There are 2 protein chains.
Amino acid sequence: MPAHAQTSTAAVVAAGRRLLEERGMDTLTMRDVADAVGVRTPSLYKRVRSRSDLFRLILEDVTDELTAAIDGAAESGDPIADLRAVASVYRAFAHANPVAYTLMYLPQAVPGATTRYERSSVTLLRLVAELAGPQHMMPAAQTLVAWANGFIAIELAGAFRLGGDIEQAWDFGLDRVLKAVQRGKD
Amino acid sequence: MPAHAQTSTAAVVAAGRRLLEERGMDTLTMRDVADAVGVRTPSLYKRVRSRSDLFRLILEDVTDELTAAIDGAAESGDPIADLRAVASVYRAFAHANPVAYTLMYLPQAVPGATTRYERSSVTLLRLVAELAGPQHMMPAAQTLVAWANGFIAIELAGAFRLGGDIEQAWDFGLDRVLKAVQRGKD
DNA sequence: GTCTATAGAATGATAGAC
DNA sequence: GTCTATCATTCTATAGAC
C-alpha cells in the first residue's frame with residue numbers, strides 16, 4: 001500500500017458490512033461508507049469497482065466467516081451432537097448478522113456474487129450422511145437446512161406472531177427434525 | 001365512481017401487483033404503475049396515498065388470496081391429508097407470486113402493513129392440534145411452517161445448489177416433518 | 001379526475017487538479 | 001490517493017390549470 005493511503009479495501013469492506021447491518025441494503029450509500037472510513041466518496045472507487053462490487057466483497061467476507069464457524073463447531077464425533085452444535089452456531093451467526101444472512105439467500109440481489117455455499121456444506125453433508133445414511137443424504141440435508149433457514153428467517157422478520165416460546169420452539173423443532181431424518185425411520 | 005374515471009384503485013393495485021412480480025420491489029416505480037393503467041403519474045395519488053400505501057394494499061390483496069386458498073384446501077377431515085394439501089397450496093402460491101410471498105415475511109419492508117397472518121393460521125393451528133395434540137400445538141405448527149417457508153425460500157432463491165431432486169426433497173421433507181410432529185413421538 | 005409543470009431531493013459515478 | 005466539482009439520472013410528491 002502506497003504512502004498516502006488513508007484507507008484500504010479491507011477497511012471499506014468492514015465499514016460496508018457494519019453499515020449494511022445498521023441501515024439495510026438499499027439505504028446503504030457510498031457516501032455513508034466514505035464517511036465511515038474518513039474519505040470522500042470518489043476515493044472509494046480506488047478500492048472497489050462499483051457499489052455492487054462492494055456488496056460482492058462483503059458477502060464473500062461474511063460467507064468465509066460463517067464457513068469457518070460451522071467447521072469449528074463439528075468436533076465431537078457424534079453426528080447428532082455435531083449437528084446440534086452446527087445449527088446453534090448457524091443461528092447465532094444469523095442473529096449477529098441478520099441483514100447479511102438474509103442476503104446470502106438472495107444471490108440475485110448481488111450481481112456477480114459467487115456464493116461459497118458449497119464449501120460450507122461439506123461439513124453438513126458429512127454429518128447428515130452419518131445420521132441419515134448415504135442414500136438419504138441429500139433430501140435429509142435439504143430438510144434440515146430448510147427447517148433451520150425457515151425458522152431463522154421467520155424469527156428475524158419478527159413474524160412468529162402466533163405466539164409461544166421461541167426457544168422452546170427451536171429446541172422442539174431441532175429435536176424432532178433430527179429424529180425425523182435419522183436412518184431407519186422410513 | 002365519477003364519470004371521468006380512467007382507472008380505479010383496484011386497477012392500480014392489480015397493476016402494481018403484476019409489476020411487483022416482474023420488476024421487484026425497489027425497482028417498481030409509480031411511473032411504471034401509471035403507464036400500466038394508462039394514466040400519468042400524478043393521477044395515481046387520487047387512488048393511493050403514497051407508494052408505501054400501494055404496497056400495503058398489494059400485500060392485503062395477496063394475503064387475502066392466500067388465506068382463501070389455504071382454507072379451501074383443508075376439506076378431507078384427515079389432518080395428515082389436509083396438512084399435505086395445505087402445504088402444497090402454499091408452495092404453489094409462492095411459486096405463482098414469488099416476490100409478494102417473500103414480502104409477506106418481511107413486514108418491516110412495508111410500513112403500516114397489517115399482516116393478516118393470524119387469520120390464515122387458524123386453519124393451520126386446528127389441523128396441527130389434531131395431529132400433534134394440543135400441548136404441542138404451537139411448537140409443532142412453528143416447526144412445520146419453518147420447514148415449509150425455509151424450503152420455499154431456498155427454492156425461490158435458486159439456492160439448492162447442493163444438487164439433488166427438488167421434488168423428491170419436498171416429498172421426503174414433508175413426510176418426515178409431518179411424522180416428526182405427530183402425537184406420541186416424544 | 002386528469003393533466004402539465006415542477007419542486008425537491010437523493011444517488012452513483014467520473015474528470016481532472018493537486 | 002484524495003480531493004473538489006459536477007454530471008446525469010431517477011424518483012416521490014404537490015400545485016394549479018382544465
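Everything numeric in this text was worked out from a predicted model, so none of it was measured. Residue numbers start from 1 in every chain, and the chains themselves are labelled A, B, ... in the order their sequence lines are given, proteins ahead of strands.
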Engineer: Between A:E65 and A:R17, is there a side-chain heavy-atom distance shorter than 4.5 Å?
Structural biologist: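 Yes. Closest side-chain heavy atoms under 4.5 Å.
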Engineer: Taking the nucleotide of DNA chain C with the closest heavy atom to each, which residue, A:K46 or A:S50, is nearer the 5' end?
Structural biologist: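 Looking at DNA chain C, the more 5' nearest nucleotide goes with A:S50.
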Engineer: Give the rounded distance in Å between these two atoms: CZ of B:R40 and C1' of C:dT6.
Structural biologist: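 The distance from CZ of B:R40 to C1' of C:dT6 comes to 15 Å, rounded to the nearest Å.
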Engineer: Could you state the atom-to-atom distance from CG of A:D35 to C1' of C:dT11 in whole Å?
Structural biologist: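 Computing the A:D35:CG to C:dT11:C1' distance gives 14 Å.
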Engineer: Nearest to the side chain of B:M30, which nucleotide is it out of D:dT2, C:dC3, D:dT12?
Structural biologist: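 Nearest to the side chain of B:M30 among the choices is D:dT12.
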Engineer: Should we count CZ of B:R18 as having more than 12 external heavy atoms under 6.0 Å?
Structural biologist: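 Above 12, so yes.
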Engineer: Rounded to the nearest Å, what distance is computed from the CZ atom of residue B:R51 to the P atom of nucleotide D:dT12?
Structural biologist: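 Atom-to-atom, B:R51 to D:dT12, this comes out as 5 Å.
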Engineer: Is there a side-chain contact between B:F151 and A:T143, using heavy atoms and a 4.5 Å cut-off?
Structural biologist: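 No - every pair of side-chain heavy atoms lies 4.5 Å or more apart.
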Engineer: Can you tell me how far C1' of D:dT10 sits from CZ of B:R23, to the nearest Å?
Structural biologist: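 Atom-to-atom, B:R23 to D:dT10, this comes out as 13 Å.
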Engineer: Would you say a side-chain N or O of B:S43 is under 4.0 Å from OP1 or OP2 of C:dC3?
Structural biologist: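 B:S43 to C:dC3 OP1/OP2: side-chain N or O found under 4.0 Å.
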Engineer: Provide, to the nearest angstrom, the distance between the CE atom belonging to B:M25 and the P atom belonging to D:dC11.
Structural biologist: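 Between P of D:dC11 and CE of B:M25: 15 Å.
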Engineer: Round to the nearest Å and state the distance from B:L44 atom CG to C:dT4 atom P.
Structural biologist: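 It works out to 13 Å between those atoms.
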Engineer: May I have the distance from B:R47 (atom CZ) to D:dA13 (atom P), rounded to whole angstrom?
Structural biologist: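 After rounding, the reported distance stands at 17 Å.
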Engineer: Any idea which of D:dA15, C:dT2, C:dT11 is nearest the B:T7 side chain?
Structural biologist: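 Minimum distance to the B:T7 side chain belongs to C:dT2.
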Engineer: How long is the line joining CG of A:D26 and P of C:dA10, in whole Å?
Structural biologist: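 From A:D26 CG to C:dA10 P: 16 Å.
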Engineer: Step through the shown structure and confirm whether more than 12 heavy atoms of other residues, nucleotides or ligands are within 6.0 Å of CZ on A:R23.
Structural biologist: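 No - once you tally the heavy atoms of other residues, nucleotides and ligands closer than 6.0 Å, there are 12 at most.
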Engineer: Hey, which sits more toward the 5' end of DNA chain C by its nearest nucleotide, A:P42 or A:D32?
Structural biologist: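 This one resolves to A:D32.
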